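These numbers were taken from a predicted model, which means no experiment stands behind them.
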Amino acid sequence: MRRLLLFDIDGTLVHGGPAKDAFHQGLIEAFGTAGDIEIHDFSGKTDPQIARELMSGAGLSPEIISAGFPVLFERYLAHLAEMLVERPMTVLPGVESLLDALADQPGVGLGLLTGNIVGGAELKLRSAGLLAHFRTGSF
């Protein structure tokens, strides 16, 4: 029997890094505001959901929010790539040894199940040296 083990990224594989700051900058560049980002709970949510919640709270219409997504995510990824050079993600204890052990198991594949957009997931995992462990995912 083949098995696919799915991992979240933030708080499961890695922590820290500049993602919130990069998202903040992207929101400002796309919408002129970041809303109440400092008090907003990001956990368990997709990146588009977070943006919708923040921008709805700032009074923007669903149409304006959806129209701003291409600029938001392009700028977010650009800022994230730049910021990760100085502030890389930190791998949580035991993650590397677990992933190495699972890679040696026949019939086991590793994937991602995350609220990150694809580019954000790739940048974060590359920063932490973990990207090569994952060949598939749901974003």
Side-chain angles (χ1 to χ4, degrees):
M1 175 187 296
R2 297 189 51 101
R3 295 180 193 263
L4 177 62
L5 303 178
L6 300 172
F7 290 84
D8 191 9
I9 295 175
D10 300 295
T12 301
L13 299 172
V14 298
H15 70 90
K20 187 172 183 178
D21 292 338
F23 203 78
H24 186 148
Q25 283 301 118
L27 286 167
I28 290 172
E29 291 172 21
F31 301 107
T33 181
D36 289 330
I37 195 168
E38 295 306 322
I39 60 170
H40 194 77
D41 183 11
F42 281 46
S43 58
K45 300 175 183 177
T46 66
D47 288 343
Q49 177 185 2
I50 294 163
R52 279 190 179 92
E53 290 173 355
L54 286 166
M55 295 302 94
S56 292
L60 278 68
S61 72
E63 296 78 21
I64 290 173
I65 297 167
S66 293
F69 275 3
V71 172
L72 166 60
F73 292 121
E74 183 270 326
R75 299 308 307 143
Y76 163 62
L77 293 176
H79 288 297
L80 184 60
E82 181 181 303
M83 292 176 177
L84 280 167
V85 173
E86 295 292 322
R87 295 168 45 202
M89 304 302 294
T90 301
V91 179
L92 288 165
V95 166
E96 291 172 301
S97 58
L98 172 64
L99 296 177
D100 288 341
L102 290 171
D104 292 337
Q105 297 300 309
V108 173
L110 303 180
L112 299 169
L113 181 60
T114 179
N116 285 274
I117 60 172
V118 174
E122 290 173 352
L123 287 168
K124 288 177 180 183
L125 292 176
R126 185 176 295 117
S127 163
L130 300 177
L131 184 59
H133 288 282
F134 301 96
R135 298 198 184 353
T136 190
S138 180
F139 305 87

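Listed here is the closest heavy atom pair of Leu77 and Gly119: CD2-C, 3.4 Å. Minimum heavy-atom separation, Met55 to Ala34: CE-C, 3.6 Å. The heavy-atom pair separating Leu80 from Pro18 by the smallest distance is CD1-CG, 4.0 Å. Residue Ala58 comes nearest to Gly35 through the heavy atom pair CB-CA, 4.3 Å, listed as atom of the first residue, atom of the second, then distance.
Between Asp10 and Met89 the shortest side-chain heavy-atom distance falls below 4.5 Å. Taking the side chain as every heavy atom from C-beta outward, Leu131 and Glu122 approach each other to under 4.5 Å. The side-chain heavy atoms of Phe31 and Leu54, taken from C-beta on, include no pair separated by under 4.5 Å.
Crowding of Asp36 atom CG: a count of heavy atoms from other residues, nucleotides or ligands under 6.0 Å not exceeding 12.
Hydrophobic clustering (side-chain heavy atoms under 4.5 Å, transitive across Ile, Leu, Val, Met, Phe, Trp, Tyr) groups Leu5 together with Leu13. By the rule that hydrophobic residues join a cluster once side-chain heavy atoms approach within less than 4.5 Å of another member, Leu6 and Leu130 end up as members of separate clusters. No chain of hydrophobic side-chain contacts below 4.5 Å, direct or via other Ile, Leu, Val, Met, Phe, Trp or Tyr residues, connects Val71 to Val118.
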Anything under 3.5 Å between a donor and an acceptor, one on a side chain of residues 132-139, the other on a protein residue two or more places apart or in another chain? List them.
unit_1	atom_1	unit_2	atom_2	d
Arg135	NH1	Ala132	O	3.0

What donor-acceptor contacts under 3.5 angstrom involve side-chain atoms of residues 90-113, with partners at least two apart or in another chain?
unit_1	atom_1	unit_2	atom_2	d
Ser97	OG	Gly94	O	3.1

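Interatomic distance, CG of Asn116 versus NZ of Lys124, reported as 3.5 Å (0.5 Å rounding). One distance of note links CD of Gln25 with NZ of Lys20; it measures 13.5 Å at 0.5 Å rounding.
Each ring pair (Phe, Tyr, Trp, His ring centres under 6.0 Å) pair with one or both residues in residues 93-116, not counting sequence neighbours, would appear here, but there are none.
Taking His40 as the reference, Phe42 meet the ring-ring contact (aromatic ring centres under 6.0 Å, His included) condition, with sequence neighbours excluded. With sequence neighbours left out, the side-chain contact (heavy atoms from CB on, under 4.5 Å) criterion links Ala51 to Phe23, Leu27, Phe69, Leu72. For Thr12, the side-chain contact (heavy atoms from CB on, under 4.5 Å) test picks out Phe7, Asp8, with sequence neighbours left out.
Judged by distance alone, the side chain of Ser66 and the main-chain N or O of Pro62 form a donor-acceptor pair under 3.5 Å.
Screening Glu53, Lys45, Arg52 for a side-chain hydrogen bond (donor to acceptor under 3.5 Å, both in side chains) involving Gln49 leaves a single residue, Glu53.
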